[in-house]
Protein chains: 2
Amino acid sequence: MAGVMEKTRIEEFIRFCRERHLNVTHQRLAIYQALLNSTEHPTAEDIFRTIQSDYPTISRATVYKTLELFEREGIIRKVSFPHETAARYDANPQRHHHLFCVQCHRVEDLSHPQLDALPLSKRALNNYQVIDHVVHINGICPACQQKRRS
Amino acid sequence: MAGVMEKTRIEEFIRFCRERHLNVTHQRLAIYQALLNSTEHPTAEDIFRTIQSDYPTISRATVYKTLELFEREGIIRKVSFPHETAARYDANPQRHHHLFCVQCHRVEDLSHPQLDALPLSKRALNNYQVIDHVVHINGICPACQQKRRS
DNA sequence: TTGACAAATGAGAATTGTTCTTATTTAATA
DNA sequence: TATTAAATAAGAACAATTCTCATTTGTCAA
């Protein structure tokens, strides 16, 4: 099931690259695949290490540049959190929000229509031309709540 | 007016430090003052440079450690944004949200009751024990909209 | 007020995350 | 299969932050 899903997304990715005249390289495929496989919002370094087993000569520069490219093309998102120095990446380009565990620094995606509306007038928004928004929720995840109690 | 405001806040700060047995040093006062004076969400480096004219021997280590302390004590907030490597600090510890200009990277505080409610059940929140939340709005500020048009 | 002592600071080294540079390799296409 | 622009690898360079430790300073008790 996940395999089918992945395959479709990878095929879509390849089609997308061709359309934009972006070379479909092993490295790009591996980096995108690594992001699809992870729900952990990995850092560039995480991805670098994940890929290293299959591509021992992969370079950090390639990982960084590729992630930058993917984000510019709108197929992934860069996210960042206070108390974390390294940027994280998210293969889910659709509107969604984040649950951040202040104990273990776990990040979960949260999709909920209630959070997607931004019911403010342009004036209330200081006349900004709004592109999108993300609700960042700080809290304690179930696992860490458990740890605290015991 | 602003002066009066500031003085009160500084006195409050001194009282707060005494209560917690935190030494009231020139450096701590200067750093807190610098944050109060700025609406720009300055970085540690910004603060370091601001203070340098009055305290030529101030050390970056002191600025970083002091900001960390202030945040731990809940009197300021650390905030971070994708595409910005340095963390920023905010002397407004109350719930508020952020307007981020994707062009000029300006950050404005936004307070609005509509954004303060988080109308989701515990289940919808993946059973997280919620502490707080911030709405991060990406957009283009009025000044940059102007620049684009001309 | 002064002296003792813990707390805080300064200076710079070390570490971490990211970007840059350049020679080499590779994907696309003709 | 040859050509060529695009992409990559390797590591240097840079930027942000943390660490180390000797020196200085605020606090508090006498």
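Because the structure is a prediction, the values reported are computed rather than measured.
Atoms CZ (Arg20(A)) and P (dA28(C)) sit 16 Å apart, rounded to a whole Å. Atom P of nucleotide dT17(D) and atom CG of Asp46(B) are separated by 10 Å, given to the nearest angstrom. The CD atom of Glu84(A) sits 19 Å away from the P atom of dA16(D) (whole-angstrom rounding). Separating the OH atom of Tyr89(A) from the C1' atom of dG17(C) is a distance of 10 Å, rounded to the nearest angstrom. Taking atom CG of Leu67(A) as the reference point, atom C1' of dG17(C) lies 13 Å away to the nearest angstrom. Atom NE2 of His83(B) and atom P of dT18(C) are 12 Å apart (whole Å). If you take CD of Glu68(B) and P of dT18(D), they are 6 Å apart, rounded to a whole angstrom. Phe81(B) places its CZ atom 17 Å from the C1' atom of dA16(D), with the value rounded to the nearest Å.
Rounded to 10°, the angle separating the first-five-pair axis and the last-five-pair axis of the helix from dT1(C)-dA30(D) to dA30(C)-dT1(D) equals 40°.
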Side chain to side chain contact (heavy atoms under 4.5 Å, CB included) for Leu29(B) and Phe13(B)? Distances and angles first, verdict last. CA-CA 8 Å; Leu29(B) 283 167; Phe13(B) 170 76; 3.8 Å; yes
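Residues satisfying the salt bridge (charged side-chain N to carboxylate O under 4.0 Å, His left out) criterion with Arg49(A), sequence neighbours excluded, are Glu45(A). Every residue two or more places apart in sequence or in another chain that forms a side-chain hydrogen bond (donor to acceptor under 3.5 Å, both in side chains) with Asp132(A) is listed here: Arg77(A), Asn138(B). The salt bridge (charged side-chain N to carboxylate O under 4.0 Å, His left out) check on Arg15(B) picks up nothing, with sequence neighbours excluded. Glu40(B) is linked by a salt bridge (charged side-chain N to carboxylate O under 4.0 Å, His left out) to nothing, counting only residues two or more places apart in sequence or in another chain. For Asp90(B), the side-chain hydrogen bond (donor to acceptor under 3.5 Å, both in side chains) partners are His41(B), His96(B), His98(B), not counting sequence neighbours. Every residue two or more places apart in sequence or in another chain was checked for a side-chain hydrogen bond (donor to acceptor under 3.5 Å, both in side chains) with Arg95(A), and none qualifies. In this view, Arg123(A) satisfies the salt bridge (charged side-chain N to carboxylate O under 4.0 Å, His left out) rule with no residue, not counting sequence neighbours. A search for side-chain hydrogen bond (donor to acceptor under 3.5 Å, both in side chains) contacts involving His83(B) returns Glu71(A), not counting sequence neighbours.
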Enumerate all atom pairs, one protein N or O and one N or O from nucleotides 6-12 of chain D, separated by less than 3.5 Å.
from	atom 1	to	atom 2	distance (Å)
dA7(D)	OP1	Arg28(A)	NH1	2.8
dA7(D)	OP1	Arg28(A)	NH2	3.1
dA7(D)	O5'	Arg28(A)	NH2	3.4
dT8(D)	OP1	Thr25(A)	OG1	2.8
dT8(D)	O3'	Gln27(A)	NE2	2.9
dA9(D)	OP1	Gln27(A)	NE2	3.2
dA9(D)	OP1	Thr57(A)	O	3.4
dA9(D)	OP2	Ser59(A)	N	3.1
dA9(D)	OP2	Thr62(A)	OG1	2.7
dA9(D)	O5'	Thr57(A)	O	3.4
dA10(D)	OP2	Thr57(A)	O	3.1
dA10(D)	N7	Ser59(A)	OG	3.2

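If you find the closest nucleotide of DNA chain D to Arg88(B) and to Arg18(B), the one lying nearer the 5' end belongs to Arg88(B).
Aromatic ring pairs are classed by plane angle as parallel below 30°, tilted from 30° to 60° and perpendicular above 60°; the pair His136(A) and Phe100(A) is tilted.
Grouping Ile, Leu, Val, Met, Phe, Trp and Tyr by side-chain contacts under 4.5 Å, direct or through others, puts Leu125(A) with Leu99(A), Leu110(A), Leu115(A), Leu118(A), Leu120(A), Tyr128(A), Val130(A), Val135(A), Ile137(A), Leu99(B), Leu110(B), Leu115(B), Leu118(B), Leu120(B), Leu125(B), Tyr128(B), Val130(B), Val135(B), Ile137(B).
Within residues 71-79 of chain A, no residue has any heavy atom under 4.0 Å from DNA chain C.
Proximity of Tyr64(B) to the phosphate of dT18(D): no side-chain N or O atom is located under 4.0 Å from OP1 or OP2.
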